Amino acid sequence: MDKKELLKIICDAEKEAAKLILHADKIIADCKTDARNVVTEYDVKVQNLLVNIFSEKISGAKFFCEEKDNNDSLMADHLFIIDPIDGTMNFVKGFSHSCISVAYAEKGKVCIGVVYNPFLDEMFYAIKGEGAFLNGKQIHIDDCGLSNGIACVGTAPYRMDLADKTFTLIKKLFEKTLDIRREGAAALDLCSVAAGRANIYFELMLSYWDYAAGVIIAEEAGAVSCTINGNALPNDESKPSIVCGGPKAVKEFLDFELF
Ligand code: LIP
């Protein structure tokens, strides 16, 4: 299937699924591993709707999803990597800052990313090699280096053992940048980098479904991404650290060498 046709299917599906988020009421959080790691009926409803649409429209569609136990092979020919609601805690607490994140990969290589923020009606998307877009307008990073930009940070709240390292890095970024933002949805942090709103984003632990779509969008907008040790980001469920931003900013970050 033509990638542009596939992109439209994903965008349309995310817009349809977003209605469940916008019309949600009585949002009840169920704990997955602990009080910080929660899921709602809307995460599951959004994911099921997306899986049904993609299964119907794409023959052989396979899935790797946040709220699914028996995930398919990451090397599938037509794999959809889905975070149905990225920023679930924001959604539960009424912060209107969450998104639907879908990446499409072939044999382990992500070639399409789509991140939709229904609260702002902002559709970020990219096809490998064809640039990054926000609501039809091409977007680019702001490769201004740390001192002239805002840093988005993730606190890896499921990993309190990483807190000291996380806040050491946050303090360093606070000293080196104009300011920091902890907005609570990694996919949207990555899209903020792509749109030139933030010039760097890091988090010490992130799942594949959180970053698969946002990373291709940021990279198609000119960003670079890697682990905080400078290694390539894995296309798997190993939950690596991540840093993504303009080349200048990422080099400055990697040169911190704090650990
Ligand atoms: C969240 C990320 C966030 C991270 C949280 C969680 P979820 O995704 O977007 O940046 O700090 O630990 O992973 O769980 O809301 O889909």
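Note that the structure is predicted; figures quoted are calculated from it, not measured. Counting convention: from 1, in listed order, for ligands and their atoms alike.
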Which atoms of ligand 1 sit under 4.0 Å from any heavy atom of Thr88? 15 (O)

Show me which atoms of ligand 1 lie under 4.0 Å from any heavy atom of Ala185. 9 (O)

Any nitrogen or oxygen of [X], side chain or backbone, less than 3.5 Å from one on ligand 1?
| X | result |
| --- | --- |
| Asp86 | yes |
| Arg182 | yes |
| Gly87 | yes |

Flag if over 12 foreign heavy atoms under 6.0 Å of NZ, Lys171: no

Pairing of [X] and [Y] as salt bridge, 4.0 angstrom limit:
| X | Y | value |
| --- | --- | --- |
| Glu252 | Lys248 | no |
| Lys19 | Glu14 | no |
| Arg181 | Asp179 | yes |
| Arg197 | Glu122 | yes |
| Asp2 | Lys4 | no |

Does the residue Gly154 have a heavy-atom contact with ligand 1, meaning some pair of atoms that are separated by less than 4.0 Å? no

Close approach of Leu188 to ligand 1, heavy atoms, under 4.0 angstrom: no

Quick one: does ligand 1 sit under 4.0 Å from the side chain of [X], the backbone, both or neither, non-hydrogen atoms only?
| X | answer |
| --- | --- |
| Asp83 | side chain |
| Ile85 | backbone |
| Glu66 | side chain |
| Trp209 | neither |
| Glu203 | side chain |

Taking side chain as C-beta onward, heavy atoms only, is Glu67 less than 4.5 Å from Pro84? yes

Among Val46, Val115, Ile10, the one residue meeting side-chain contact (heavy atoms from CB on, under 4.5 Å) with Ile100: Val46

Top protein contact for [atom], by heavy-atom distance:
| atom | result |
| --- | --- |
| atom 6 (C) of ligand 1 | Tyr158 OH, 3.4 Å |
| atom 12 (O) of ligand 1 | Pro157 CD, 3.1 Å |
| atom 13 (O) of ligand 1 | Asp210 OD2, 3.4 Å |

Report the residues that fulfil salt bridge (Lys or Arg N to Asp or Glu O under 4.0 Å) with Lys68, sequence neighbours left out, ordered by chain and then residue number. none

Ring centres under 6.0 angstrom apart (Phe64, Phe80): no

